[in-house]
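Not measured: the values here are computed from a predicted model. Worth knowing before you read on, the calculation uses all heavy atoms, side chains too, and leaves out hydrogens, waters and symmetry mates.
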Amino acid sequence: MKTLVPPAKATSREWIGLSIIALPCLVYAMDLTVLNLALPAISTQLKPSGAQLLWIVDIYGFLVAGFLITMGTLGDRIGRRRLLLAGAAAFGVASIIAAFSTSAEMLIAMRALLGIAGATLAPSTLSLIRNMFHDDAQRQFAIGVWIASFSLGGAIGPLVGGVLLEYFWWGSVFLVAVPVMIALLALGPTLLPEFRDPNAGHVDLPSVVLSLSAVLIAIYGVKRSAEQGMDTVAAIAIGAGIVLAVMFGRRQGRLAYPLLDLKLFRMPRFTAAITAYGLSSLAMFGVYIFITQYLQLVLALSPLQAGWVTLPWALAFVVGSLTAPRIGRHVAPVKLMTGGLAASALGFFLLMLAADAGSLLVLIGGTLLMGFGLAPVFTLGNEMILTSAPPERAGAASAISETTSELSGALGIALFGSIGATMYRTQLITTLPAEMAPQNRAAAMATLGGAVDVASAMDSSIGGALLVAARLAFVDAFHTAALVGAGIMVFATFLAARMLRSRPMA
């Protein structure tokens, strides 16, 4: 009779190593948000065109999403630590050059390099956690720290950016990453283990091209539909992205060493975790765009005040991510995940009660429920994704997780944005002041921001009436989006419970 040997516990070296790999994740998340505050200064100094300004903002996230699957598989082949350190070096160099860019074209190029380098961070760091922490409870807590670093980075990005721009030039927002990457390069070779798939084949270049093209084209179409509606260009882009994704999937089924191992989706735990993660990201990102506008354009809070209001949401994610593994020792993961999804659905429902300044505490309460509820979905879900895959394919599995989050977030913004825009126009068209000029009516009907700008330039009585009507229409659209989000989370709760029961879990 064989005696089962318990997995080795992590030592101080692994825990210090975890702090080293959490820092670049925090910077990665900050880079998604910190630039927005610097755009006015960048516009003044570099004088980009409207299209160039959009590319400065968007190209980072586009290339991160496009290269995640490739980088996850590449890390499995050449070594996850090696890929992480190479990405950190490229990220640091690109950050320095971006900070001192002298033209819009130069800044776009550096943001593109930052996106490619950033795509190495998430899959490499998460897959290294699989190699560093073999005890289930310790690994779950380590993944909680990993998730918390992203949440904290997204939360403090606008706050850090605001402080830097108060005292320094716009390029300073890029230099925050440099000391973090230097620390990773200095300490990573000593504190982080190396791991690669000893039986890895060559990375299939046609698969790389297909996956990159499918993701980039599909995200472009989704983003365009969110900004301009589902026009011909958006529809063609989304359709082309789907076709390329199908071609990519078929090719993976024929390869001995695929870029995306489709056999992973035959595992109930893996598929359930990916589904819950994707639906949660779709609803969360979709509603978030309404919350930020509601705070600034309806409640008239400043950007800094709005940042403080959303901070409890991010902190709830941080606390929830760190405590979920501890709770998971006493509550079955299936119950903890489905309970978290149900709690987040209640949070979405609470957002429907937000209507005026007096309901600000209700909104904060709703986002707190969302944060605490979704934290175990993200933490335990990523742990399921990692442990469902063979150790040698952990990089590819973590890349699938991150790609799911990126694509679902983009789809959520487009889907909820379209629903909200339709509701907003439908409500506002019947209440617009009759005295308004056609061009002002068109601007007010486009967005709430447009209505606020038009109202500020009009006679106080007419402008005041427009502002009231536009804000009421937006609140109705916000409530509709929150209801849709709640419905998605209720659906995710039942779907995850059913899928996870198909394979009992401890």
Quick check for you: to the nearest 0.5 Å, what is the distance between [X] atom [atom1] and [Y] atom [atom2]?
| X | Y | atom1 | atom2 | result |
| --- | --- | --- | --- | --- |
| Ser344 | Leu374 | OG | CG | 4.0 Å |
| Leu121 | Ile21 | CG | CD1 | 10.5 Å |
| Ile143 | Thr125 | CD1 | OG1 | 10.5 Å |
| Met370 | Ser280 | CE | OG | 10.0 Å |
| Met489 | Leu341 | CE | CG | 4.5 Å |
| Ile419 | Leu483 | CD1 | CG | 10.0 Å |

Quick check: closest heavy atoms across [X] and [Y], and the distance to 0.1 Å?
| X | Y | result |
| --- | --- | --- |
| Ala481 | Val287 | O-CG2, 3.8 Å |
| Leu63 | Ala119 | O-CB, 4.4 Å |
| Ala177 | Ser95 | CB-OG, 3.8 Å |
| Gly188 | Leu85 | CA-CD2, 4.3 Å |
| Ala234 | Gly221 | CB-O, 3.6 Å |
| Leu279 | Ala492 | CD1-CB, 3.7 Å |

task: Please check if the distance between the ring centroids of Phe474 and Tyr294 is under 6.0 Å.
output: no

- prompt: What about Phe317 and Phe372, are their ring centers closer than 6.0 Å?
  reply: no

task: I would like to know whether Ser281 and Phe378 meet side-chain contact (heavy atoms from CB on, under 4.5 Å); could you show each step before the answer?
output: CA-CA 9 Å; Ser281 297; Phe378 286 17; 4.1 Å; yes

Whether the side chain of [X] engages the backbone of [Y] through a donor-acceptor N/O pair (distance < 3.5 Å, no angle test) should be reported.
| X | Y | value |
| --- | --- | --- |
| Ser149 | Trp146 | yes |
| Arg139 | Ile129 | no |
| Ser19 | Ile16 | yes |

Less than 4.5 Å apart, side chain to side chain, heavy atoms only: is that true for [X] and [Y]?
| X | Y | result |
| --- | --- | --- |
| Leu192 | Met132 | yes |
| Leu114 | Phe174 | yes |
| Leu84 | Leu184 | yes |
| Met284 | Trp313 | yes |
| Leu351 | Thr367 | yes |
| Gln427 | Leu472 | no |
| Phe478 | Ile291 | yes |
| Pro24 | Met181 | yes |

query: Passes ring-ring contact (aromatic ring centres under 6.0 Å, His included), Phe290 versus Phe416? Steps please.
result: CA-CA 9 Å; Phe290 288 90; Phe416 282 69; 7.2 Å; no

- request: Decide side-chain contact (heavy atoms from CB on, under 4.5 Å) for Leu297 and Arg471; before the verdict, give the C-alpha distance in whole Å, the side-chain angles of both, and the deciding distance to 0.1 Å.
  value: CA-CA 8 Å; Leu297 299 177; Arg471 285 173 170 168; 5.8 Å; no

- prompt: Which of these, Val309, Leu360, Leu363, sits in a side-chain contact (heavy atoms from CB on, under 4.5 Å) with Leu299?
  reply: Leu360

Given Phe67, Tyr60, Phe91, the one that forms side-chain contact (heavy atoms from CB on, under 4.5 Å) with Ile116: Phe67

message: Students often mix this up, so state it plainly: with edges at 30° and 60°, are the rings of Phe141 and Trp15 parallel, tilted or perpendicular?
response: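 Ring orientation, 0 to 90° scale: perpendicular.
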
message: Please determine whether side-chain contact (heavy atoms from CB on, under 4.5 Å) holds for the pair Phe133 and Leu18, giving the CA-CA distance in whole Å, both sets of side-chain angles, and the decisive distance to 0.1 Å.
response: CA-CA 10 Å; Phe133 298 91; Leu18 175 63; 4.0 Å; yes

